[in-house]
A.B. asks: 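Sending over a structure as structure tokens; questions will come in a sec.
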Protein chains: 2
Amino acid sequence: MKQETKIILIGAGNVATQLGIALSAAGYKISQVYSKTKSSSSILAKKLKAESINDLKKLDTDAAVYIIAVKDDAIADVAKQLKLNDQIVVHTSGSISMDVLKRSSKNYGVFYPLQTFTKDKKINFKEIPVCIEGNNKSTSTTLQYFAKSISSNVKEISSDQRKVIHLAAVFACNFSNHMYAIADDILKQNKLSLDLLKPLIAETAEKIKTNSPAKVQTGPAVRGDQKVMEEQLKMLKNKELKEMYKIISKDIKA
Amino acid sequence: MKQETKIILIGAGNVATQLGIALSAAGYKISQVYSKTKSSSSILAKKLKAESINDLKKLDTDAAVYIIAVKDDAIADVAKQLKLNDQIVVHTSGSISMDVLKRSSKNYGVFYPLQTFTKDKKINFKEIPVCIEGNNKSTSTTLQYFAKSISSNVKEISSDQRKVIHLAAVFACNFSNHMYAIADDILKQNKLSLDLLKPLIAETAEKIKTNSPAKVQTGPAVRGDQKVMEEQLKMLKNKELKEMYKIISKDIKA
């Protein structure tokens, strides 16, 4: 697939934004950006020098790849409205099966970048693992080339494996981020700043680059320090947080 | 307090090791390393060119600072056995009150480095926040100077504040590390590697350097994507993990 071939982005959220920027930088022409919400599509379209559209009926039919990067539960609905011939259509979701696209085109697949995206934070796509899957050999091969033009870490991953990876990612990313959020709350309630913990958070993430996380666990739970755990439980006023503290501590010890 | 003054380390675990290395590099003379376990004290003592001792009765009485870096629930027991005059004695714990040391010396306090330590991983102490507390003005001042010789981030923190910080640290560090460990398990059970998630983990930790964690949360829970959450719950076979998934997801949405 030649660069300068046309790509259409369906969606204008975090993933669509970062992907659009990376593809554009790699020399692809993003011809259209679709979003239900006019303001979202026009902001991203402007950034990518693309046409902003808000009606799927206005999609050009001559693009090489159609990338659906909308909320997981909106993918099926978008898929139903796409009637392509053999143009490749992919979604970018970790948890939705490839088959949701089987009526949208003869060639379909998945292009799942394993990263947490924020619209305004620039991301180096080169290091992001991209999990691809195609419904046939030629689609897989094309998606391999396509993904390799923006990432040096492309893997062919089945829908079942992808679901496992997504589940693991929810723990490693969303849930660990929520642990930071809880720490932030606890500190704020006591007029202290999360800045105090930033070197600790950075080192915790850094450590596991070369160590198995279970092996480098520290703190009261892994030491079995009951007294500290009981005191900390008392300090937590919120019932849900108490429960969370107990269940995670127990699992660390197990 | 001049460098070259003598320091004694009581404890030979992760904290004692990293602190000993940093103090030694800053020009302090570590004269003795105590541990119940002969092999632990001798390994660290050798590294620091110190004497290895296994009986607290053999402690020299002429050191300037005695650093107790043992397990939290062993601190009181060590404190009872210390009968110093006005030499400064500190512990390094996040959760133990300063007062546990009040019968060990006229001058006592806390020297709590806010970091997760592993024996074999070199650490840049300069960036580690050190929370200090002294039982009187002169001890606080001395501990300030002492801490500043190895860290550029020294804070005077009361015992109550320190407990709050330690609780927050358990969430931000120990619990987030456990989320990595669970992800690692899920992937291993499916013959996949945590390497896939390492860029994601790094970015999740990186993001909160400049953003409030709650504001950059991503994933099914914050999107309220019920279908994905239900499917992921089904994939978790372990009862505790199911419970953990539910409670954390609920708290993310709240």
Side-chain angles (χ1 to χ4, degrees), chain A residues 71-73 95 114-116 118 127-129 161 164-165 167-184 186-187 190 192 196-205 208-209 212-214 216-219 221 223 225 227-228 231-232 235 240 243-244 247-248 251-252, chain B residues 71-73 95 114-116 118 127-129 161 164-165 167-184 186-187 190 192 196-205 208-209 212-214 216-219 221 223 225 227-228 231-232 235 240 243-244 247-248 251-252:
Chain A
K71 267 178 71 165
D72 285 1
D73 49 17
S95 52
L114 247 167
Q115 191 49 282
T116 170
T118 321
E127 290 162 19
I128 298 179
Q161 285 177 311
V164 168
I165 294 169
L167 175 62
V170 164
F171 278 92
C173 166
N174 307 148
F175 287 2
S176 66
N177 184 70
H178 192 57
M179 299 301 123
Y180 308 156
I182 293 171
D184 192 21
I186 291 171
L187 291 168
N190 290 276
L192 292 159
L196 270 170
L197 296 187
K198 285 180 181 172
L200 177 64
I201 288 171
E203 173 67 11
T204 305
I208 59 106
K209 285 186 183 164
S212 146
V216 292
Q217 184 59 282
T218 58
R223 286 197 310 265
D225 201 330
K227 216 180 132 198
V228 171
E231 271 187 37
Q232 295 203 324
M235 289 171 75
E240 279 74 32
E243 206 44 54
M244 203 189 292
I247 200 163
I248 299 174
D251 203 54
I252 289 176
Chain B
K71 268 178 70 165
D72 285 1
D73 48 16
S95 52
L114 247 168
Q115 190 49 283
T116 170
T118 320
E127 289 163 18
I128 297 178
Q161 284 176 314
V164 168
I165 294 169
L167 175 62
V170 164
F171 278 92
C173 166
N174 307 148
F175 288 2
S176 67
N177 184 69
H178 192 56
M179 299 301 123
Y180 307 156
I182 292 171
D184 191 21
I186 291 172
L187 291 168
N190 290 276
L192 292 159
L196 269 171
L197 295 187
K198 285 179 182 173
L200 178 64
I201 288 172
E203 173 66 11
T204 305
I208 58 106
K209 286 186 181 163
S212 146
V216 292
Q217 185 60 281
T218 58
R223 286 196 310 264
D225 200 331
K227 215 180 132 200
V228 171
E231 271 187 37
Q232 295 203 324
M235 290 172 74
E240 280 73 32
E243 206 43 53
M244 202 188 292
I247 201 164
I248 298 175
D251 203 54
I252 289 176

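First the proteins, then the strands, lettered A, B, ... as listed; each starts at 1.
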A.B. asks: Could you tell me which of A:I247, A:N190, A:T116 has the largest number of non-hydrogen atom pairs under 4.5 Å with chain B?
C.D. replies: A:T116
A.B. asks: Chain B: which of A:L187, A:D225, A:V170 shares the most heavy-atom pairs with it under 4.5 Å?
C.D. replies: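 Of the candidates given, the most pairs with chain B belong to A:D225.
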A.B. asks: Answer yes or no: is there a side-chain heavy-atom contact under 4.5 Å between A:L167 and B:M235?
C.D. replies: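 Result yes, sub-4.5 Å side-chain heavy-atom pair found.
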A.B. asks: Counting only heavy atoms closer than 4.5 Å, note whether A:L192 contacts chain B via side chain, backbone, both or neither.
C.D. replies: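 Just its side chain gets close to chain B.
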A.B. asks: Checking heavy atoms, do the side chain of A:N177, its backbone, both or neither come under 4.5 Å from chain B?
C.D. replies: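 Both parts, backbone and side chain.
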A.B. asks: Between OH of B:Y180 and CD1 of B:I201, what distance do you get to the nearest 0.5 Å?
C.D. replies: 6.0 Å
A.B. asks: Name the region of B:E127, side chain, backbone, both or neither, that has any atom closer than 4.5 Å to a heavy atom of chain A.
C.D. replies: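 Just its backbone gets close to chain A.
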A.B. asks: If you count heavy-atom pairs under 4.5 Å with chain A, which of B:C173, B:A221, B:S95 comes out on top?
C.D. replies: B:C173
A.B. asks: Given a strict heavy-atom distance threshold of 4.5 Å, which part of A:K198 is in contact with chain B: side chain, backbone, both, or neither?
C.D. replies: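 Just its side chain gets close to chain B.
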A.B. asks: Less than 4.5 Å to any heavy atom of chain B: does that hold for the side chain of A:I182, its backbone, both, or neither?
C.D. replies: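 Side chain of A:I182 only, per the 4.5 Å heavy-atom cut-off to chain B.
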A.B. asks: Considering only heavy atoms, which portion of B:L197 lies under 4.5 Å from any heavy atom of chain A: side chain, backbone, both, or neither?
C.D. replies: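 Side chain only.
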A.B. asks: Can you find a pair of side-chain heavy atoms, one from B:I248 and one from A:M179, that are under 4.5 Å apart?
C.D. replies: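 Counting from C-beta outward, B:I248 and A:M179 do come under 4.5 Å.
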A.B. asks: Given the options A:Q161, A:K209, A:K227, A:E231, which has more heavy-atom pairs under 4.5 Å with chain B than any of the others?
C.D. replies: A:K209
A.B. asks: With a 4.5 Å cut-off on heavy-atom pairs, point out which of A:I165, A:I128, A:V216 contacts chain B the most.
C.D. replies: A:I165
A.B. asks: Are A:P199 and B:L114 packed together at the side-chain level, in the sense that at least one heavy-atom pair is separated by less than 4.5 angstrom?
C.D. replies: no
A.B. asks: Side chain, backbone, both or neither: which part of A:V164 has an atom under 4.5 Å from a heavy atom of chain B?
C.D. replies: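 Contact with chain B involves both backbone and side-chain atoms of A:V164.
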A.B. asks: Which heavy-atom pair separates B:A168 from A:A183 by the least distance, and what is that distance?
C.D. replies: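 Closest approach of B:A168 to A:A183: O-CB, 3.3 Å.
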A.B. asks: Is it the backbone or the side chain of A:D184 that comes under 4.5 Å from a heavy atom of chain B, or both, or neither?
C.D. replies: side chain
A.B. asks: If you round to the nearest 0.5 Å, how far is CD1 of B:I208 from CD of B:E203?
C.D. replies: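 Reported value, rounded in 0.5 Å steps: 11.0 Å.
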A.B. asks: Just checking, any donor-acceptor pair under 3.5 angstrom between side chains of B:S176 and A:T204?
C.D. replies: no
